[in-house]
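A, B, ... follow the sequence lines: proteins, then strands. Residue 1 opens every chain.
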Amino acid sequence: MSVLVVVECDGGEVKKSSLEVASYGSQVAQLLGTSATAVAVGEATEANLAKLGEQGITKVLYDAEPRLKDFVNGAYTKLIAAAAQQEDAKVIVLANSNIGAAVGSRLSVRLQASLATNVVELPKTDGSSFTVKRGAFSGKAFADVTLAGERKIIAVKKNSIEALHEAGKTAEVVSFSAQLSDADFADAPKQVVMQDQAGGILLPEADKVVSGGRGMKGPENWKLIEDLAQALGAATACSKPVSDVDWRPHHEHVGQTGITVSPNLYIACGISGAIQHLAGVNSSKVIVVINKDPEAPFFKAADYGIVGDVFDVLPKLTQAVKELG
Amino acid sequence: MKFLVCISNVPDTTTKITFTPDNKEFNKAGVQFVINPWDEYALTRAIELKEAQGGGTVTVLNVGEADTEPNIRKALAIGADDAIRVNAFPKDAFFVAQQIANIAKDGGYDVILMGKESIDYNGFQVHGMVGELLGIPTVAPAMKLDMSGNTATLEREIEGGKEIVEVNTPFVASCQQPMCEPRIPNMRGIMTARTKPLKVVEPTGEGARTEVSAYALPPAKQGVKLIPAESAGELIKLLRNEAKVI
């Protein structure tokens, strides 16, 4: 038996969330007294896959089929299922991403496995029972979920697990083929369109986020948010009312019915902190709130706060970050 | 074309979440339940497509106990033609997916739509499981859905962008904004909804594969540390030296 980790790659690099997934998987393997094997999807280089040894992975399976570069649900599911069979995987760990969770749900049916998504901690197991903690109620609560059966699939929420870095350890990269046919690529995308990202930082993968609400008064003032984000190396985000009136694109909308983020630092500018917005951000490690209204409910959920005018405070913060060097 | 739209019954987004004293169940007392906001995109888009095609049916499906019927009626008032309720507590994603797959198989539906996830359990699982149980493609999460004959063109959200995907019926799609502007019921809809068929069936298939052993609320914050606006730059020093996040 083994633990199988699904590693997503993009442009040759292993995604940060997949480094966390690999670290999670190798720690589960240790708990169960076995080893962790990875199966890589997307565009990867052998050198970067070998480096997964630093996250405790001993072996990486890689199918160099060029059509696997983009996400294809049918083909990815078949590939991972074949790897799971070959490795006799009892636990499969993937990222709780639009790829990982989509494949995970199909795999759970195909492999007759129990599935938990949005998982935030390592499992607790005493040999017979197997329990994981997952986010529920859109960030307003957690649930301990017991997974039944021989096989388990776990989708790990981004930024919940610290990635391991054991310098110098390498994994063996082994070529692998799931004998995919044209039929497995029937739902391949016709076209992939990437957004223009300010500073190139994707919101779901970001460590730091600077977010604006209606208090920014209009889209023309977003430069203040972008300047601070750029100085910090942060992604930009917004509240629901802001995306509803099209000041910002909807993929920046953070909250209960938008994206849930859990960065190390979330800076909210001119956002009052409605319960639906808090649900999307309250697993952030440190929350900073800037609002001119001292009664804004967001201050109750914050670690640091400034009661003041965002138009006055934001340039000062950007300046202070630049001075840090 | 036959559309099947799956809806869940969830606490209103403004709900303050609490649990029963043993922490095993959500405390429903005093809570307003609504149609899961993501499912509203699926429902409205199915109605729009039916209208554009000038024919066909939209069936609403809910797996839930009798207390979900007001929201099923609401979906009928918004414009669905008929409804099915599988009379069971939705124990977990796999249990629900089996009910949907069985009904979809028997009913010969062409397009199966639902929201990308429910805002209470946040599984993002049911659509993939239904697709796999039926052996048909799932597109999740879909931001746009257009139909031309039996071919659907969808935009699927990926981290940092989107994919354009084409699939033929039958297929499953899980929906999210900006697919459409969710409709609200009008007076005529509310009147006609009362007499539209709502069939209640008993669950089939296997039981659940997962079980919640305990719920917990996130730990409370320690209290906010306020920095005067005049010395805003101090905040950056605290973030580096105290919080160690920059």
Is B:Pro37 in contact with chain A via its backbone, its side chain, both, or neither, using a 4.5 Å heavy-atom distance?
side chain
If you define the side chain from C-beta out and look only at heavy atoms, does anything of A:Asp187 sit under 4.5 Å from B:Phe171?
no
Option that, when pairs with chain A are counted at under 4.5 Å, heavy atom only, ranks first among B:Ala208, B:Gly123, B:Ser118:
B:Gly123
Does the side chain of B:Ser213 pick up a donor-acceptor pair with the side chain of A:Asp144 at under 3.5 Å?
no
Nearest 0.5 Å, please: how far is CG in A:Asn98 from CZ in B:Arg156?
6.0 Å
Flag the pair B:Glu163 / A:Val193 as yes when at least one side-chain heavy-atom distance between them is below 4.5 Å, and no otherwise.
no
With a 4.5 Å limit on heavy-atom distance, are the side chains of B:Pro218 and A:Phe142 in contact?
yes
Closest contact, heavy atoms only, A:Ser108 versus B:Met129:
OG-CE, 3.4 Å
Do A:Thr117 and B:Gln125 have side-chain N/O donor and acceptor atoms under 3.5 Å apart?
yes
Have B:Thr13 and A:Gln276 got a donor and an acceptor in their side chains that come within less than 3.5 Å?
yes
Side-chain heavy-atom pair A:Leu324, B:Ile236 within 4.5 angstrom cut-off
yes
Of all the heavy-atom pairs spanning B:Asn122 and A:Phe137, show the shortest one and how long it is.
OD1-N, 3.0 Å
Under a 4.5 Å cutoff for heavy-atom pairs, which residue among B:Glu117, B:His127, B:Lys221 has the most contacts with chain A?
B:Lys221
Heavy-atom distance under 4.5 Å between the side chains of A:Lys140 and B:Lys16, does that happen here?
no
For atom NZ of B:Lys116, decide whether the heavy atoms of other residues, nucleotides or ligands shown that lie under 6.0 angstrom number more than 12.
yes
Hey, is B:Lys225 close enough to A:Asp303 for a salt bridge, meaning N to O under 4.0 Å?
no
Measuring heavy-atom distances to chain B, does A:Lys300 have an atom under 4.5 Å in its side chain, in its backbone, in both, or in neither?
backbone
Is the shortest heavy-atom distance from the side chain of A:His251 to the side chain of B:Met143 under 4.5 Å?
no
Pick from B:Leu235, B:Asp92, B:Val167 with the largest number of heavy-atom pairs that fall under 4.5 Å of chain A:
B:Leu235
Look only at the side chain of A:Arg106 and the backbone of B:Gly131, and say whether a donor-acceptor pair between them is shorter than 3.5 Å.
yes
Where does B:Leu154 contact chain A at under 4.5 Å (heavy atoms): side chain, backbone, both or neither?
neither
For atom CD1 of B:Ile184, is the number of surrounding heavy atoms from other residues, nucleotides or ligands below 6.0 Å larger than 12?
no
Check for a donor-acceptor pair, side chain of B:Lys162 on one end and backbone N or O of A:Gln191 on the other, with a separation under 3.5 Å.
no
If you define the side chain from C-beta out and look only at heavy atoms, does anything of B:Arg209 sit under 4.5 Å from A:Leu115?
no
Test item: A:Arg110 and B:Glu132 side chains (from C-beta on) under 4.5 Å apart, heavy atoms
yes
Below 4.5 Å from any heavy atom of chain A, which atoms of B:Ile119 appear? Answer side chain, backbone, both or neither.
both
If I measure from the heavy atoms of chain A, does B:Phe124 come under 4.5 Å with its side chain, its backbone, both, or neither?
both
Under 4.5 Å from a heavy atom of chain B, the part of A:Gln319 involved:
neither
Is B:Gln222 close to chain A through its backbone or its side chain, or both, or neither, when contacts mean heavy atoms under 4.5 Å?
neither
Against chain B, residues from residues 286-294 of chain A with at least one heavy atom under 4.5 Å, in numeric order, are A:Val286, A:Ile287, A:Val288
